[in-house]
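First comes the structure, then the notes that go with it.
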2 protein chains.
Amino acid sequence: MILKQKYNVKNMNSNCKNCLTYKLCIFFKYKKFITILKKKKLVHKGEILFRAKEKMISLYTIQSGTIKTYNFTKQGNEQIIKFYFKGDLIGLDSIYNGIYSNFIKALETSTLCEVSLSKFNKIIFQIPSLGYKIIKLMSKEIKINLYFISLLSRKKAEIKLATFIYDLSKKLKIRGYSHKEFFLSMTRSDIGNYLGITVETISRILSKLKKSKILIIRGKHIIIDNYLKLINLIN
Amino acid sequence: MILKQKYNVKNMNSNCKNCLTYKLCIFFKYKKFITILKKKKLVHKGEILFRAKEKMISLYTIQSGTIKTYNFTKQGNEQIIKFYFKGDLIGLDSIYNGIYSNFIKALETSTLCEVSLSKFNKIIFQIPSLGYKIIKLMSKEIKINLYFISLLSRKKAEIKLATFIYDLSKKLKIRGYSHKEFFLSMTRSDIGNYLGITVETISRILSKLKKSKILIIRGKHIIIDNYLKLINLIN
DNA sequence: CGTGCAATTGACGTGGCTCAAGTGGTGTGG
DNA sequence: CCACACCACTTGAGCCACGTCAATTGCACG
């Protein structure tokens with residue numbers, strides 16, 4: 001995501017004090033917990049971290065980069081489940097049975113913090129306030145998912161795509177990036193797959209948003225030129 | 001849901017031993033917790049329990065009946081978020097901020113168990129194993145929501161509706177009802193709204209499934225006549 | 001600088017939406 | 001208990017947004 005960053009592997013250690021993402025990290029306040037965080041993991045673009053049905057060893061928080069999860073339909077078509085960005089926790093949907101539900105792949109070079117599931121499961125019993133924090137986090141996750149469900153059942157492709165861009169913009173802002181200018185880390189095909197729209201339609205709608213001066217688009221580089229118009233479109 | 005039941009208000013008390021739904025109840029094992037369960041609440045068809053943006057006082061588990069949550073789009077159209085059945089916990093998406101995200105309405109006469117949110121928040125700190133159980137429950141909820149998201153972004157209306165019916169059938173089975181024969185507690189309009197399909201299309205697809213002898217339909221009474229064909233259709 | 005995938009654009013077909021008319025089922029009041 | 005009203009549901013006709021197929025262009029990476 002965003003203006004290409006340099007990934008300095010040497011700086012990667014388990015010392016959360018040096019972590020650029022600590023503000024987004026749910027675990028940061030819990031010193032006891034921090035000790036169970038493993039060294040950061042570097043994954044390259046296109047690398048598959050895990051496959052569906054594999055045993056889940058760890059939860060991961062994203063320190064930088066973008067990750068997607070996906071699965072395959074019975075016809076063998078890829079079906080994207082969700083995109084994850086800096087600060088997001090991957091694996092919440094697998095805690096209950098300890099098995100990855102989906103394939104997990106890096107969309108760009110990314111760094112992750114590893115949280116051993118078995119240790120996580122133990123520490124929940126030792127630090128109730130952390131458990132409560134996780135419950136709140138998951139509650140918010142559920143709300144966001146329900147909101148997304150209601151987006152998908154709205155009909156117009158244009159609204160879905162505009163909302164996707166708007167939501168992405170909000171996410172980036174929270175993460176300290178510009179919300180008006182950013183790089184898409186996923187392909188248009190990925191976006192379409194995620195939203196249930198074909199690539200061609202995605203492309204056509206983007207051209208339309210360009211023509212109507214809502215967006216300035218150059219490949220994966222997006223500038224939201226008219227934020228108000230974008231918001232009005234969604235509503 | 002299912003063959004019309006008689007609701008005996010006299011039998012409603014907080015003694016979980018008499019509860020017909022105890023097998024589905026996450027709290028049942030926790031005696032300390034059971035003491036904070038309030039008396040059961042009876043809600044009538046069409047009754048609105050809570051409105052979006054209201055302060056959340058309690059979580060609710062459904063002892064019988066069906067509940068829907070919904071909200072309004074900026075154009076003032078109702079947008080259904082989710083249906084809840086016997087055993088489901090309502091309000092998971094609101095724990096994090098204590099505010100109802102959506103409107104909550106009974107689709108038929110239903111009985112609920114009330115779980116005070118403030119007491120819930122306290123007891124989580126006292127019983128870590130309950131906290132963990134909630135985490136697992138929420139994890140599964142997240143997985144189910146993600147699965148539903150991937151359903152909605154698949155394109156064919158027929159597949160969406162068939163999957164809806166199949167999922168409902170599975171749910172009913174888990175809850176001890178027949179999975180081959182049941183009553184829909186929601187209108188076709190509700191189903192369409194939920195799946196992002198118009199009523200007319202829902203109606204047409206149902207007629208088609210009837211003609212192809214997969215379903216036997218008489219109003220809200222559904223019989224799955226050919227389970228295999230239904231499953232094949234979905235895949 | 002070439003290879004291969006990503007993205008765009010056009011032409012065309014169709015699934016599902018819209019509009020409209022009619023049927024059925026249920027609850028209410030006379 | 002019937003008559004009426006009201007809403008849920010069904011079915012048909014026509015249209016349009018979006019999918020499909022195909023041809024090009026653009027862009028990143030070795």
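Values below: every heavy atom of this structure, side chains too, minus hydrogens, waters and symmetry copies. Bear in mind that the values here come from a model prediction, so they are computed numbers and not experimental data. Just so we're on the same page: letters track the sequence lines, and every chain starts at 1.
- A:L209 places its CG atom 12 Å from the P atom of C:dT8, with the value rounded to the nearest Å.
- Listed for the B:N71 side chain is a donor-acceptor partner under 3.5 Å among the backbone atoms of B:S101.
- C:dC17 atom P lies 12 Å from atom CG of B:L161, rounded to whole Å.
- If you take CE of B:M186 and P of D:dC9, they are 11 Å apart, rounded to a whole angstrom.
- Close to C:dC17, at under 4.0 Å from its OP1 or OP2, lies a side-chain N or O of B:T201.
- Both B:R218 and A:R204 lie close to DNA chain C; mapped to their nearest nucleotides by heavy-atom distance, the more 5′-ward contact belongs to A:R204.
- Note on B:R188: every side-chain N or O is 4.0 Å or more away from OP1 and OP2 of D:dA8.
- If you measure from atom CG of A:L107 to atom P of C:dC5, you get 18 Å, rounded to the nearest angstrom.
- Comparing A:G219 and A:K156 by the nucleotide of DNA chain D whose heavy atom lies nearest to each, the residue mapping closer to the 5' end is A:K156.
- As rounded to whole Å, 9 Å separates atom P of D:dC9 from atom CG of B:D190.
- Note: A:N226 CG to A:I231 CD1 = 9.5 Å, rounded to the nearest 0.5 Å.
- Residue contacts for A:K220: at a heavy-atom cut-off of 4.0 Å it reaches the sugar-phosphate backbone alone, with no base atom in range.
- The residue A:I202 sits apart from the nucleic acid: no heavy atom pair falls under 4.0 Å.
- Residue B:I191 contributes atom CD1, which lies 13 Å from atom P of D:dA8 at whole-angstrom precision.
- Atom-to-atom, CD1 of B:I205 to P of D:dC9 comes out at 15 Å; the value is rounded to the nearest Å.
- Within the nucleic acid shown, B:G192 has no heavy atom closer than 4.0 Å to any nucleic acid atom.
- To the nearest 0.5 Å, atom NZ of residue B:K82 and atom OH of residue B:Y194 are 5.0 Å apart.
- Rounded to whole Å, atom P of C:dA6 lies 14 Å from atom CG of A:L184.
- Ring-plane geometry between B:F83 and B:F85 is classed as tilted, the angle between the planes lying from 30 to 60 degrees on a 0 to 90 degree scale.
- A donor and an acceptor atom never sit less than 3.5 Å apart when one is taken from the side chain of A:E200 and the other from the base of D:dC18.
- Residue whose closest nucleotide on DNA chain C sits further toward the 5' end, between B:E158 and A:L206: A:L206.
- Residue A:T187 is in sugar-phosphate contact alone, with no base atom involved, counting any heavy-atom pair closer than 4.0 Å across all strands shown.
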**Request:** Test A:Q79 against B:S150 for side-chain hydrogen bond (donor to acceptor under 3.5 Å, both in side chains), laying out the working first.
**Result:** CA-CA 7 Å; A:Q79 168 68 59; B:S150 80; 5.1 Å; no
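- The phosphate of C:dT18 has neither OP1 nor OP2 within less than 4.0 Å of any side-chain N or O from B:T198.
- Contact between the side-chain N/O atoms of A:S203 and the OP1/OP2 oxygens of C:dT8 is found at a separation under 4.0 Å.
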